[in-house]
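From a predicted model like this one, the values you see are computed outputs, not experimental measurements. Just so you know, residue 1 is the first one in the sequence shown, and it goes up from there.
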Amino acid sequence: MSPRRHHRRDEVPPLDLERAQRVESVQTWSDGDWLVRTVPGRAAAKVYRCPGCAQEIRPGVAHVVAWPADGRGDLTDRRHWHTPCWRARDRRRPIA
């Protein structure tokens, strides 16, 4: 097994709006419709805070991104969730 290579990023690339707006599904929950996209572990490069459990989503961890589907928000309203936290939304309200 070869050791992992750690690449340092000094610059943050600009937001790719086309990629950010890709939607895999529209999901209906008790608080409305949500646009949802799955982020595979290999594409998860930054640290996010899950609003469901308030814990970090570390780079390399697969998760989902969701934002309101009804037009009440924009791309700044996207939230990154642990997949189990997203699935438990109706049983557990967001913390943040």
Side-chain angles (χ1 to χ4, degrees):
M1 179 189 286
S2 61
R4 288 187 177 188
R5 293 185 183 136
H6 295 282
H7 297 282
R8 185 177 167 162
R9 293 186 183 201
D10 293 330
E11 284 188 30
V12 175
L15 179 64
D16 180 347
L17 289 176
E18 181 182 329
R19 181 173 164 234
Q21 292 175 327
R22 279 189 218 140
V23 175
E24 290 182 357
S25 67
V26 176
Q27 297 181 13
T28 300
W29 292 83
S30 61
D31 59 348
D33 292 340
W34 293 84
L35 303 173
V36 180
R37 180 170 52 93
T38 301
V39 178
R42 68 183 180 286
K46 294 176 20 180
V47 175
Y48 297 99
R49 178 92 37 204
C50 174
C53 67
Q55 300 297 310
E56 287 184 347
I57 301 171
R58 305 291 304 161
V61 174
H63 60 281
V64 299
V65 179
W67 62 100
D70 62 4
R72 63 188 155 130
D74 60 17
L75 289 178
T76 63
D77 294 308
R78 291 181 308 147
R79 296 293 176 262
H80 294 251
W81 293 72
H82 289 111
T83 303
C85 293
W86 177 253
R87 290 181 185 147
R89 290 192 75 223
D90 281 340
R91 295 186 310 270
R92 197 169 71 197
R93 304 307 307 164
I95 293 171

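Taking all atoms of both residues into account, the shortest heavy-atom contact from Ala62 to Thr83 is O-OG1, 4.2 Å.
Remark: the backbone N or O of Ala54 is paired with a side-chain donor or acceptor of Arg49 at under 3.5 angstrom.
Following chains of ILVMFWY side-chain contacts shorter than 4.5 Å, one can reach Val64 starting from Trp34, so the two form part of one hydrophobic cluster. Val61 is not connected to Val65 by any chain of hydrophobic side-chain contacts under 4.5 Å among Ile, Leu, Val, Met, Phe, Trp and Tyr, and they are in different clusters.
Distance CZ/Arg79 to NE2/His63: 12.5 Å, rounded to 0.5 Å. Here CZ of Arg89 is found 4.5 Å from CH2 of Trp81. Values are rounded to the nearest 0.5 Å.
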task = Starting from the C-alpha separation in whole Å, work towards a yes-or-no answer on side-chain contact (heavy atoms from CB on, under 4.5 Å) for Trp86 and Val36.
result = CA-CA 10 Å; Trp86 177 253; Val36 180; 3.6 Å; yes
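Just one of His80, Glu56, His82 meets the side-chain contact (heavy atoms from CB on, under 4.5 Å) condition when paired with Tyr48; it is His80.
At a threshold of 4.5 Å between non-hydrogen side-chain atoms, the residues Val47 and Pro59 count as touching.
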